[in-house]
Structures are given as C-alpha cells and as structure tokens.
Amino acid sequence: MKFYSTNNRNHVADLKTAVLKGLAPDKGLYMPESIPVLPKEFWDELPGKSMGQIGFEVLKHFFCPDIPEDRFKAMVEDAFNFPVPVVKVNDRISVLELFHGPTLAFKDVGARFLARVMAYFADYGGKSINVLAATSGDTGSAVANGFLGVPNVYVHVLYPHGLVSKLQELQFTTLGQNVTAYEVNGVFDDCQRTVKEAFMDKELNAEKILTSANSINLARFLPQSVYYFHALAQIPKEKWSQVVISVPSGNFGDITAGLIAYKMGMPVKRFIAAINANKVFADYLTTGSYKPQPSIATIANAMDVGDPSNFARVLELFEGSVEKMRKVISSYSYTDEKIGATIAEVYKNDGYTCDPHGAVGYAALKDGLQDGELGLFLETAHPAKFIDTVEKFAGHKVEIPERLQKFMNGTKQTVPTDADYKKLQLK
Ligand SMILES: *Cc1c(COP(=O)(O)O)cnc(C)c1O
C-alpha cells in the first residue's frame, strides 16, 4: 500500500517512508491510497475474535506485504496483549474500556504497535532514530513506555509545564534510558508546533533521522481502528446497526481510526465527537468554517487541543464536505463543570466510575442518543490517572492499579525549555 499526503494527492510514499517521516514534506498527513472494504465473511466470523486476530486481518491490508505476513502477525499479537472489554453501564449505554494496557490509556494500543513497526524498519543506515512526541498527557507515557529500551531509538517527549496530571508526568519523566522529557514553557499546541517545526527544518533532517510518534504518524492511529471492530465482536450482531459511538476527542486520531473502520464497512449507525471546552470541531460542524484557537486548559486535559492535527484526515475521509461529515458525525462540547457533574452522576446512577475524558463521552451520549439507539463510549484512560479530579466528583476513593503505582516511586527528571526545537538533545 502507498500513502498520499492530505495536502497533495500526487505526493505518495511507501510504508517505510511514511512511518519514518511521520509528516509528509509538504506538512500534509499521510493517508492510505485506498481503504479496503472488508468481505462479508469477516463480519460473519467477527463475534468472539481476539484483538490480535482482528488486528492481523484488518491491518495486513495496510502493512503487508511491506512487512511479511508471518512477521506482521507476531508483531500484532505482541502489541495487542491486553484486554479491551465492552462493559454495560446501563440499559442504553455501554463503555469500551481502553485502559487495561501498561500505561492505563488507549494510547498504549497505537504506541505499542508503532514501536514494533519502527523496530522492524530498524535499518537506519547506521544512524540513531529520534522519536519526537508532543503530549497533552497520555501520549508521552504510552510512547515512552512503548519504546523504552528499544536499541538505537531515542524518545523525546515534549509536554506543557504544569498542565499534565502528576501521575501522567511521572509515567514519562522517571524512566531514564533512551527517554528524555522536556518540560516546555507553554501549552500543548506550543509543544506540537515545536515538533512540527523540527520536521520542517531541511538541514536538520538531512543530518539526523527524526520521526513522530504522535497520531500524525499513520502507524499510531491506524491500529486504533482494531478496537472498534473488537467492540462490535462483543456486541450482539442484531444490535450493530443501532450503535452510536461516542469518542472523547482532542487531536482526533482516535475518531479518525473509528472512521477508517466505518469506511471498511463497519455497520454502526454513527459517531459522536465528544469534546471539552476546546470546541473548534463542534463549531466547524455548525458553521462549516474551521477556525483553530489557542487551547484552553480543562480537567479533561488530554483533549486540550485547539487545532486538532487529524482534522485534515477527517476532512479527507468526507471528501472535504461538511455536509457529508454531518451525516455521520455530530459533536458536543462540555465545560469542566458539566464534566465534573457527569462523573458524579454516572457513579450515583450506574455505579460506574468515569475518568474526566470518558465522562465527556458519556455526557454526549446522554444528550445525543435518540430512541432505539445504543450508545458506546470510549473510556480512554483509567480514572486513577486523574485521581484528584475523580475522587472529588465521584465522592469515593479510587484504587490505584499496581502498574500505575510503580511509577510513583520514581524520580522526575526533565529538561526545562522554551518551545524551541533547537533545544532538543537529538542523537
Ligand atoms: C489522547 C487522549 C484523548 C484524545 O484522543 P485523540 O486521538 O487525540 O482525539 C482522549 N482521552 C485520553 C485519556 C487521551 O489520553
């Protein structure tokens, strides 16, 4: 499969180039040249299949034979080694729990897969590879842990000083080895811009190998499509056509993966992009014009994005037409106050503890579900990652899973810096 740039359909790259470059030279995002529609047998045989089995069958269309099938199968099984269950919350709403991986957020899925794909393309011409990741909270930990100890690969995590939770911060600032954390004087969008600027510096890129582990990298977001199929595998077939999927969204990588699954023939009804006070996308659906804004800090901080990178991909999937997009996606935006009230309400009514991001997804279903529809929201992180906020609103103690606790004993080590890519300690 070849991949084209969202800025120019005629610019195409092979898999290896697209993965190692991350961003196309014209700043566009890589998209698969074609999206295969899965055969009827795939859907007939889906119920009960594992993430690994589904992952191979879906992703091989994009990654093979550039990566040989047998090797690819092993990589997929290895990357998707934790459960992603659908759990019933009440009669109309279920949740897809994406937090059972090593860093307790859905980003483990994409990061673990990406690390394996990059390790496969480990022919760097004798040079080291620098993986750059801007994070609003969870990307940093998923990427750092996914790549930790991979030979010849150096991870540079950029995060906004003071704007990620303590536990999130500990997950990528205490690792050492091949991981460096930069505490940037700015907001998430400054971190993201800094990374993009580094990729645009021709001289620097001639000298060093830089790549992105953000969802601008196609090998980060494409594997996320797998858990949408896996969700359906756990829902009775006769209900599939009523399913509405609510995706807590920031950079829109997650929902883009869902839309790719939809294009591959996933027979669900529609999607909701559930967002916090950073409501550029909701405004776009209403007005038809896209106006990036500086990001606003919220209690669902992993979604504090004022100019979602993957908007270009979403637009591409709907051929640039807001009317077509409106037929499949709606969007709801929530204030911190409403997010807090939702955490309280879901616990009180359904006995389920949401993290602030999942709460946004739930709230959007509550407001957006119509008669006869079945809601599925993505619980994108474990509530313990946002323990202060969740305990405050849910009004009960949240237990910290052991795999999160082990980070709490580490010592934070960072490089404080301005938003300037020249300050990165590249190898
Ligand atoms: C990253 C993240 C999101 C947003 O996902 P996007 O793919 O950027 O839209 C939502 N919730 C949590 C917990 C996250 O870490």
Side-chain angles (χ1 to χ4, degrees), residues 29 95-111 114 133-146 157 159-160 163-165 167-169 171-172 188-189 191-192 212-218 220-225 227-228 245-261 271-276 278-282 295 298-314 329 331 333-334 339 343 354-364 377-387 389-390 404:
L29 276 69
V95 54
L96 181 65
E97 291 186 346
L98 292 165
F99 55 69
H100 296 279
T103 72
L104 299 94
F106 78 91
K107 294 192 171 77
D108 282 324
V109 172
L114 175 65
T135 185
S136 55
D138 291 327
T139 295
S141 49
V143 169
N145 286 276
V157 177
Y159 73 105
L163 295 178
V164 306
S165 84
L167 272 171
Q168 285 180 318
E169 189 177 38
Q171 285 182 303
F172 56 82
F188 170 71
D189 291 299
C191 301
Q192 183 151 275
S212 161
N214 279 98
S215 54
I216 56 175
N217 199 308
L218 68 98
R220 242 290 299 276
F221 89 92
L222 273 179
Q224 290 170 207
S225 63
Y227 49 69
Y228 289 88
I245 304 179
S246 175
V247 186
S249 295
N251 241 334
F252 281 64
D254 207 356
I255 199 166
T256 301
L259 294 167
I260 294 264
F271 287 83
I272 298 178
I275 54 184
N276 61 26
N278 294 275
K279 59 184 188 54
V280 171
F281 184 77
S295 49
T298 76
I299 58 170
N301 66 284
M303 312 196 313
D304 294 350
V305 183
D307 183 7
S309 286
N310 286 287
F311 178 71
R313 285 191 172 118
V314 176
I329 317 176
S331 185
S333 150
Y334 295 102
I339 298 170
I343 295 173
C354 286
D355 93 294
H357 308 81
V360 176
Y362 179 97
F377 71 99
L378 274 48
E379 178 58 324
T380 46
H382 192 287
K385 284 193 100 162
F386 306 92
I387 194 158
T389 305
V390 174
L404 185 54

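These values consider heavy atoms only, across backbone and side chains, with no hydrogens, waters or symmetry-generated copies. Ligands are counted one by one from 1 in listed order, and the atoms in each one are counted from 1 as well. Since this is a predicted model, take the numbers as computed values, not measurements.
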For this session: Could you pull out all residues at least two apart from Pro223 that satisfy side-chain contact (heavy atoms from CB on, under 4.5 Å)?
Result: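 Checked Pro223 against side-chain contact (heavy atoms from CB on, under 4.5 Å); matches are Leu59, Phe80, Phe113.
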Exercise. Which residues pass the side-chain contact (heavy atoms from CB on, under 4.5 Å) test with Ser331, sequence neighbours left out?
Worked result: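 Residues passing side-chain contact (heavy atoms from CB on, under 4.5 Å) with Ser331: Ala273, Ile275, Phe281, Ala282, Leu285.
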Problem set entry | Plane angle bin for Phe386 and His357 - parallel if under 30°, tilted between 30 and 60°, otherwise perpendicular |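 Tilted.
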Problem set entry | Pairing residues for Gln192 by the side chain to side chain donor-acceptor pair (under 3.5 Å) criterion, not counting sequence neighbours |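 Gln192 satisfies side chain to side chain donor-acceptor pair (under 3.5 Å) with Asn251, Ser309 only.
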Give every pair made of an N or O atom of ligand 1 and a protein N or O atom lying under 3.5 Å apart, one pair per line with both atom names and the distance to 0.1 Å, or write 'none'.
{"residue": "ligand 1", "atom": "7 (O)", "partner": "Gly253", "partner atom": "N", "Å": "3.1"}
{"residue": "ligand 1", "atom": "7 (O)", "partner": "Asp254", "partner atom": "N", "Å": "2.9"}
{"residue": "ligand 1", "atom": "8 (O)", "partner": "Asn251", "partner atom": "N", "Å": "2.8"}
{"residue": "ligand 1", "atom": "9 (O)", "partner": "Gly250", "partner atom": "N", "Å": "2.8"}
{"residue": "ligand 1", "atom": "9 (O)", "partner": "Asn251", "partner atom": "N", "Å": "3.2"}
{"residue": "ligand 1", "atom": "9 (O)", "partner": "Phe252", "partner atom": "N", "Å": "2.8"}
{"residue": "ligand 1", "atom": "11 (N)", "partner": "Thr380", "partner atom": "OG1", "Å": "2.8"}
{"residue": "ligand 1", "atom": "15 (O)", "partner": "Lys107", "partner atom": "NZ", "Å": "2.5"}
{"residue": "ligand 1", "atom": "15 (O)", "partner": "Asp138", "partner atom": "OD2", "Å": "2.5"}

For this session: Starting from the C-alpha separation in whole Å, work towards a yes-or-no answer on side chain to side chain donor-acceptor pair (under 3.5 Å) for Thr103 and Asn145.
Result: CA-CA 8 Å; Thr103 72; Asn145 286 276; 5.4 Å; no
For this session: Kindly indicate whether the side chain of Val247, heavy atoms from C-beta on, has any atom under 4.5 Å from the side chain of Leu378.
Result: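 A side-chain contact exists here, since the closest heavy-atom pair is under 4.5 Å.
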